**Q** 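If you scroll down you'll find the structure; I have some questions about it.
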Amino acid sequence: MIKAGVIGATGYAGAELVRLLSGHPEVELSGLTSRNYAGRPFWEVYPHLYKYVDPVCAEQDVPALVAQSDVVFTALPHGHAMAVAKETLAQGKALIDLGADFRFRDAATYESWYKVEHTARELIARAVYGLPEIHREEIKVARLVGNPGCYPTSAILGLAPLLKEGWLEPDSIIIDSKSGVSGAGRGLSLNTHYCEVNESIKAYGVAGHRHTPEIEQELSALAGRQLTVSFTPHLTPMLRGILSTIYGRLTRPLSGGQAHALYRDFYAGERFVRVLPPGMLPATKAVAGSNHCDLGVVVDGRTGRVVVVSAIDNLIKGAAGQAVQNMNIMSGLPEDTGLCGPGVYP
Ligand SMILES: NC(=O)c1ccc[n+]([C@@H]2O[C@H](COP(=O)([O-])OP(=O)(O)OC[C@H]3O[C@@H](n4cnc5c(N)ncnc54)[C@H](OP(=O)(O)O)[C@@H]3O)[C@@H](O)[C@H]2O)c1
């Protein structure tokens with residue numbers, strides 16, 4: 001059995017991780033930490049896990065948790081995983097960070113967008129960007145994984161086939177994304193207050209959202225040249241889910257059938273990416289509660305653009321499910337262990 005510890009277990013991403021790990025046949029929970037709920041049973045904080053998750057939330061004692069774990073997950077705000085990574089690797093264990101601290105190849109990019117100093121620069125070269133469909137071979141041998149952000153997961157999977165094959169003018173890409181409110185975490189804030197978000201939709205982080213450089217880093221690597229994107233996220237009155245509608249100008253004529261075949265072939269054999277049949281488009285409801293990324297691709301011959309629609313559950317493929325997928329790959333387990341089920345509907 002893999003002994004797995006979760007630091008920041010009581011946030012939304014951490015709680016989904018605990019739910020998935022508690023049902024994983026090869027995992028034993030070695031410890032769950034929380035700042036505000038230390039000393040309380042986990043199920044008291046998340047009653048849906050009553051009779052499923054027994055551990056009591058512990059104070060954050062990183063060396064002790066690492067010592068009793070094979071793999072540690074951090075589901076903390078950015079800036080808090082660097083010290084944990086040092087301790088985890090020093091003890092010869094593996095770390096999967098759900099935050100942004102180890103997603104960037106370049107510390108300066110991280111520091112300029114996140115406004116904190118990177119205090120574990122020496123570990124950046126050892127960190128792998130944990131998007132299995134793109135970096136599977138590196139993840140297999142990694143001990144430190146920067147689990148991707150939710151918006152980047154939807155955008156990168158949506159664009160990879162076209163960019164890799166040179167079908168898009170690299171600087172023509174526009175990513176228009178909508179997210180459910182759980183994307184902002186469980187902490188209270190006016191912006192996520194019921195009366196502020198219900199029956200409303202609004203753009204935020206326009207021309208400056210922190211997921212932009214992460215998307216650009218990975219898309220540039222796929223395209224084989226540095227590119228920029230226009231990325232606009234929106235907050236929508238859903239609990240969970242991300243829908244990204246992505247536009248790009250084609251470099252040469254491509255038919256709808258060819259575009260579909262390109263995606264179908266690129267993701268052939270991928271357990272969690274579902275390229276929908278022509279005429280069918282992704283919806284957040286169809287991926288809620290599952291580790292799937294659903295993709296639909298349409299060529300707009302009139303404008304010479306391609307439109308890709310990508311849907312994920314921000315807490316599963318966008319966070320906890322992807323983290324478990326990474327743990328499975330790092331542990332040599334079948335990639336879908338503990339992640340087999342479809343989502344819930346409606
Ligand atoms: N929500 C998503 O859809 C999503 C998707 C992908 C990635 N992520 C990333 O996952 C991480 C967690 O996000 P979340 O949405 O789960 O946030 P959240 O609901 O606000 O939970 C944050 C967790 O971190 C703990 N925490 C907060 N500040 C801390 C501090 N200063 N020291 C120690 N622990 C602290 C909290 O403890 P208490 O419970 O005791 O307050 C809680 O367990 C973030 O880096 C986020 O960017 C989130």
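Whatever order the structure lists ligands and atoms in, that order sets their numbers, starting from 1. Given the structure is predicted, the values throughout are model-derived calculations rather than measurements.
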**Q** Taking the six-membered ring for Trp and the single ring otherwise, decide whether the centroids of F104 and H118 are under 6.0 Å apart.
**A**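 Between H118 and F104, which both carry aromatic rings, the centre distance is not below 6.0 Å.
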
**Q** Given V45, which of T10, V53, N36, V18 fulfils the side chain to side chain contact (heavy atoms under 4.5 Å, CB included) condition?
**A**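 Answer after filtering T10, V53, N36, V18: T10.
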
**Q** Donor-acceptor pair, Y263 side chain versus G158 backbone, under 3.5 Å?
**A**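 Yes, because the side chain of Y263 sits within donor-acceptor range (under 3.5 Å) of the backbone of G158.
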
**Q** Kindly assign one of parallel, tilted or perpendicular to the pair Y114 and H78, based on the angle between their ring planes and the thresholds 30° and 60°.
**A**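 Taking H78 first and then Y114, their aromatic rings stand perpendicular (interplane angle over 60°).
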
**Q** Has L239 got more than 12 heavy atoms of other residues, nucleotides or ligands less than 6.0 Å from its CG?
**A**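 For L239, atom CG is not crowded (no more than 12 foreign heavy atoms under 6.0 Å).
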
**Q** If you look at each N/O of ligand 1, which protein N/O atoms lie under 3.5 Å away, and at what distance?
**A**
unit_1	atom_1	unit_2	atom_2	d
ligand 1	1 (N)	S182	O	3.0
ligand 1	3 (O)	N314	ND2	2.8
ligand 1	16 (O)	Y12	N	3.2
ligand 1	16 (O)	A13	N	2.8
ligand 1	19 (O)	Y12	N	3.0
ligand 1	19 (O)	R186	N	2.7
ligand 1	28 (N)	R35	NH1	3.3
ligand 1	31 (N)	H80	NE2	3.4
ligand 1	39 (O)	T10	OG1	2.5
ligand 1	40 (O)	S34	OG	2.9
ligand 1	40 (O)	R35	N	2.9
ligand 1	40 (O)	N36	N	2.6
ligand 1	41 (O)	R35	NH2	3.0
ligand 1	41 (O)	N36	ND2	2.8
ligand 1	43 (O)	G8	O	3.3
ligand 1	43 (O)	T10	N	3.4
ligand 1	43 (O)	T10	OG1	3.0
ligand 1	43 (O)	G11	N	3.1
ligand 1	45 (O)	L76	O	2.6

**Q** Whether R103 and E218 form a salt bridge (side-chain N of Lys/Arg under 4.0 Å from carboxylate O of Asp/Glu) is what I want to check.
**A**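 No salt bridge links E218 with R103.
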
